[in-house]
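Right, one structure below, let's go through it.
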There are 2 protein chains.
Amino acid sequence: MYKILIADDEEKIRAIIKKYAEFEGHKVTEAKDGMEAVLICRNEEFDIIILDIMMPELDGFSACREIRKMTDTPVLMLSARGEEYDKIHGFELGVDDYVVKPFSPKELMLRIDAIIRRSSSKEDEAGTYSYDNLHINFKARVVHIDNAQVNLSPKEYELLFYMVKNRGIALSREMIINNVWGYDYYGDERTLDTHIKLLRKNLGDYAKLITTLRGMGYRFEAE
Amino acid sequence: MYKILIADDEEKIRAIIKKYAEFEGHKVTEAKDGMEAVLICRNEEFDIIILDIMMPELDGFSACREIRKMTDTPVLMLSARGEEYDKIHGFELGVDDYVVKPFSPKELMLRIDAIIRRSSSKEDEAGTYSYDNLHINFKARVVHIDNAQVNLSPKEYELLFYMVKNRGIALSREMIINNVWGYDYYGDERTLDTHIKLLRKNLGDYAKLITTLRGMGYRFEAE
DNA sequence: AGGACATATACACAATTTATTCATAAAATT
DNA sequence: AATTTTATGAATAAATTGTGTATATGTCCT
């Protein structure tokens, strides 16, 4: 669970991020402008601070400058398309990453994970997963079974990645769809079945690692 | 934890790098020009030395030349855009990598990791890469296939260079563009495809070493 | 400055792969 | 046995990448 502070004057944007982040079990605090964000930061520690650039009262850069005087908490900036030059400006202020609006919440969450992982440097990621002769190399983004490379489509790989990352945990259909497809997925629910099928097919004997939890979702077995 | 020496006359640049590196648990020593860097190197060992090219007292090249007389510590150069020739010049001096200003600290850290990983494993001590009859000499910036020199355009070489230095790792389109074109590139995304195409053509049979990761990017195969 | 050349980029469209939908079969639950 | 849920196969839609060509852009030379 991460503590996230999100500062944006658009309520809608805050709501989207909040909803999505809470789904992943994070705690979200909202600020409606830069000034409010700075004030909140005086009394509370966060794992990451998300700042929109264009805000009333105090813009994202100024807020970032103020926050930097107090803490080293990683900062992620939200910029509208066309604010390109700001990117350069921002890195000098100690901005950790940028996401251009409109963004995919899924990608935003991935970036948040990456930033926090990097800055806390606790986790130094082995970068691989193995079970018998099934080997996944996350860095190379490659899967081997019995020393042969397995060709997975992007969706199959992402699905596997998400499940392996959360192995041993019961994953509801909704969670899987939210994390692999994004919370704004409005397609057929049965699509997940199809991808599970394709993934199982590609995993051959190791398909047994994916357990169906009827009425619930799936679980990738740990050990 | 790595010991990093950063020499740049701009205090701001040093501060950015220092902040990010310390975030990742590294120890950073600062030098405000090339002369100071050389003096510090006489008394202290580092895992990597970062040198700006344009510095008062002693520029990056001269400093590198001096440092090379004492130690084999990997050197990363910071060059301003437009100092293209300088890159070539730099490699003759035994520069391990270069990053064009302005850079994204995130990418710089990734490169530092890559360089240190490589040099500590003594992998390509000679500054070359070979696979069958494909030979790349990083110092000379030259590529040979079957004993014949291959003519690569600057962009093609840089693309190959970046991919080979990060071989075995899935490189997203974004990462490649950030590192080869710079993070402030806003041209057509498909330009990368074109350069991959040209590079593959020039690599002939060895084009197979560049794997397309659909929906993701590319990977230069290790081994 | 102008021309020849190499290089970089843009872009259209073909080739290919992947994602999705949907109908039906199979399995589990009641 | 009826109902609910999941698995599967096949058809279709959608997305991504490869490639050829055209157009800039830049560099070197005279």
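So you know, we letter chains A, B, ... as the sequences are listed, proteins then strands, and number each from 1.
- How far CG of B:Leu110 is from CG of B:Asn178: 10.0 Å, rounded to the nearest 0.5 Å.
- With respect to the salt-bridge test (charged N to carboxylate O, under 4.0 angstrom), the residues B:Glu66 and B:Lys69 qualify.
- The residue among A:Asp193 and B:Ile196 whose nearest nucleotide of DNA chain D is located toward the 5' end is A:Asp193.
- For B:Tyr129 and B:Phe138, the ring centers sit 6.0 Å or farther from each other.
- From the 5' end on, the contacts that DNA chain D makes with chain B at under 4.0 Å to a non-hydrogen atom open and close at D:dT16 to D:dT21.
- A:Ser62 and A:Asp59 share a side-chain donor-acceptor pair at under 3.5 Å.
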> Going 5' to 3' along nucleotides 17-22 of chain C, which nucleotides have protein heavy atoms under 4.0 Å from the base (write B), which only from the sugar-phosphate (write S), and which from neither (write -)?
Replying inline: BSSBBB
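- Taking 4.5 Å as the limit, some side-chain heavy atom of A:Thr211 sits within range of a side-chain heavy atom of A:Glu221.
- Note: A:Tyr185 and A:Trp181 have tilted aromatic rings, judged against thresholds of 30 and 60 degrees for the angle between ring planes.
- Here A:Tyr157 lies out of heavy-atom contact (under 4.0 Å) with every strand.
- Residues of residues 200-207 of chain A that place a heavy atom closer than 4.0 Å to DNA chain C do not occur.
- Residues B:Asn202 and B:Ile145 have side chains not in contact (no heavy-atom distance under 4.5 Å, counting atoms from C-beta outward).
- Only one option out of B:Leu213, B:Ile196, B:Asp193 pairs with B:Arg173 in a side chain to side chain contact (heavy atoms under 4.5 Å, CB included); it is B:Asp193.
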